[in-house]
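Nothing here was measured: the structure is a model prediction, and the numbers come from that model.
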Amino acid sequence: MAHSLAAAASSFSPPAARRRLPGQVTNVISRRSSVSFNCQRMSFMSIRSRPSQLRFKICCSAKKETVDKVCNIVKTQLALPEGTAVTGESKFSELGADSLDTVEIVMGLEEEFNITVDETSAQDIATVQDAANLIEKLVLEKAA
């Protein structure tokens with residue numbers, strides 16, 4: 001059974017993936033947009049692939065001063081107790097922030113840094129470091 005599944009899977013693979021040499025790394029993106037599966041007495045719906053944005057991003061880390069300012073704004077907006085550790089890796093959700101708190105944090109950042117954060121960018125902010133990186137990017141764009 002496992003052998004027949006492997007054989008079936010290899011028939012769907014692009015030819016470049018089947019000719020890979022040991023130790024060779026190959027990235028293959030399939031151009032198939034729809035796949036259907038049939039099994040004895042059972043039929044499954046087609047699975048359609050949808051184009052999506054690339055998730056791989058390269059960016060530089062923000063300055064320590066920016067991260068520290070963002071940490072202080074997050075502490076203030078969330079009314080965190082004294083001594084609560086907030087670092088660049090801190091996730092807003094782990095600090096107890098809900099969606100309204102996140103909106104208030106973004107508004108505080110906009111006011112402090114005199115920037116405007118669009119809704120799409122605001123939705124990508126999950127950590128203090130994400131916010132600091134976005135702030136530095138927007139500040140540079142504004143200065144240019």
Approximate separation, where rounding is to 0.5 Å, of [X] [atom1] and [Y] [atom2]:
X	Y	atom1	atom2	value
I73	E104	CD1	CD	13.0 Å
L78	I105	CG	CD1	4.0 Å
N114	L109	CG	CG	12.5 Å

Contact summary for [X] and [Y], nearest pair of heavy atoms:
X	Y	value
C71	V86	SG-O, 3.3 Å
V67	A132	CG2-CB, 3.8 Å
A131	V70	CB-CG1, 4.0 Å
L95	L80	O-CD2, 3.8 Å
I135	T66	CG2-CG2, 4.2 Å

Exceeds 12 heavy-atom contacts within 6.0 angstrom, atom CD of E141: yes

[X] side-chain N/O to [Y] backbone N/O, donor-acceptor pair under 3.5 Å:
X	Y	result
E110	V117	yes
D101	D98	yes
E136	K63	yes
K69	E112	no
D130	T127	yes

Validation row: T87, S90 side chains within 4.5 angstrom (heavy atoms): yes

Heavy-atom side-chain contact between T102 and I125 under 4.5 Å: no

